[in-house]
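For reference, the structure is listed below as structure tokens.
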Amino acid sequence: MRIERIVLRVIGLELREPFRISSGVTRQRRILLVHLEGEGVEGVGECVAGEAPNYSYETLATARWVLQAHLGPAVLGAELDGAAEVTARMDAAAKGHRMAKAAIEMAVWDAEARRRQVSLASLLGGEKAAVPAGVSIGIQESVEALLERIDGFLAAGYRRIKLKIEPGRDFAILDAVRARHPDIALTVDANAAYGTGEMERLAGLERYGLMLIEQPFAEDEMQAHAALQSRLETPICLDETITSPTRCREALSLAACRVINIKPGRVGGHGASVAIHDACAAADIPVWCGGMLESGIGRAHNVALASLPNMRLPNDTSASARYWARDVVVPAFELDGEGMVKVPTGPGIGVELDEDFLSAIELERIELY
Ligand code: OSB
Ligand code: MG
């Protein structure tokens, strides 16, 4: 397709409750959306970069800048044969900045699916009509507050609870949660908060019967993750470390993890996500789709990706209402009684944009031709 126009749009959305991870707290989100048009079709993508460079070096500001100054100009106007060629152009124009690239790449997939009048899920190779949802709970003020939140999410039907931990806020929390819920599917996510000297402490997590331990060490600590995994029965799941299919293959060959969390924004889009998914399938490593507190647009992309066959664990694709009083898509994403989220079947991402609401919360608009 030939991309004729790109609109970068920043919207403001307030989370229903603050979300705290080991490296920072998010209350209000400013979200960068990418709308593109070409040859009579449109596509939309969402950039997952946050306000602060605490999860990755990318931020809303770096993404907006690199999209406007480098990535947009690299793909505008040229005849490009699908998302892979769009990615090749962007990679030639800029190193890294995968979250920014993903926003364009995913919009191209949406446009391509709409052009063919098929769902994004089916174009990606998805096979599931609905995907299991877990919920990721931010660090809470107190153990009591956490237990209350867990009760609410279990009652809503979530199939797995993920707790954010950090050194000093780990065992006490897990003792309390396991005392109340000995058997629920439970995971922890440290967002790289532990030092490699804390191997012993982390080995102590084995006794909680966790489904997995997500990203204990820093992003570039591949060897330390391999050393910890070799000591543990509990699977290590890498998130921040896996920034590309190459990093994925490296992790698999070093046995640095037994599960991978795929976030299309983190790895540069759907093409890289499918490549990681397939490499893991070939190695019999289960994957699942992570989340970055997306609006309904990013969620629609994630849910489509989560419908692929090797997505074998509950995903961080929670219902819209877990994050927002009002979502930007219609219909909003809901949980059914079994803790499943339906995969949209309409063309492209398969949900409509709530244009009235988007206009009302628009903070900034940059048009590229
Ligand atoms: O590490 O998975 C993470 C949110 C922001 C940044 C990093 C992470 C998260 C989550 C939220 O855990 C998952 C969700 O979108 O529900
Ligand atoms: Mg994580």
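Both ligands and their constituent atoms are indexed starting at 1 by order of listing.
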Regarding Glu221 and Thr196, is there a side-chain donor-to-acceptor distance under 3.5 Å anywhere?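 On atom types as modelled, these side chains do not qualify, holding no pair under 3.5 Å.
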Any salt bridge linking [X] with [Y]? Criterion: basic side-chain nitrogen under 4.0 Å from a carboxylate oxygen.
{"X": "Arg322", "Y": "Asp327", "value": "no"}
{"X": "Glu39", "Y": "Arg115", "value": "no"}
{"X": "Glu4", "Y": "Arg2", "value": "yes"}
{"X": "Arg180", "Y": "Asp151", "value": "yes"}

Would you check if the side chain of Arg178 reaches a backbone N or O of Tyr208 as a donor-acceptor pair within less than 3.5 Å?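 Between the backbone of Tyr208 and the side chain of Arg178 there is a qualifying donor-acceptor contact (under 3.5 Å).
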For Ser119 and Gly346, indicate whether the former's side chain and the latter's backbone hold a donor-acceptor pair under 3.5 Å.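 A pair under 3.5 Å: no.
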On the 0 to 90° scale, with breaks at 30° and 60°, tag the His270-Trp109 ring pair as parallel, tilted or perpendicular.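 Rings of His270 and Trp109: perpendicular, over 60°.
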Contact residues of ligand 1 with a heavy-atom cut-off of under 4.0 Å?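 Correct list: Phe19, Tyr55, Ser136, Lys162, Lys164, Asp189, Asn191, Glu214, Asp239, Lys263, Gly291, Met292, Leu293, Asp316, Tyr323.
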Work out how many protein N, O or S atoms lie closer to the Mg ion (ligand 2) than 2.8 Å.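 Protein N, O or S neighbours of the Mg ion (ligand 2) under 2.8 Å, waters not counted, come to 3.
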Passing option when Tyr323 is tested against Glu14, Glu294, Arg299 for side chain to side chain donor-acceptor pair (under 3.5 Å):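 Among the candidates, only Arg299 passes.
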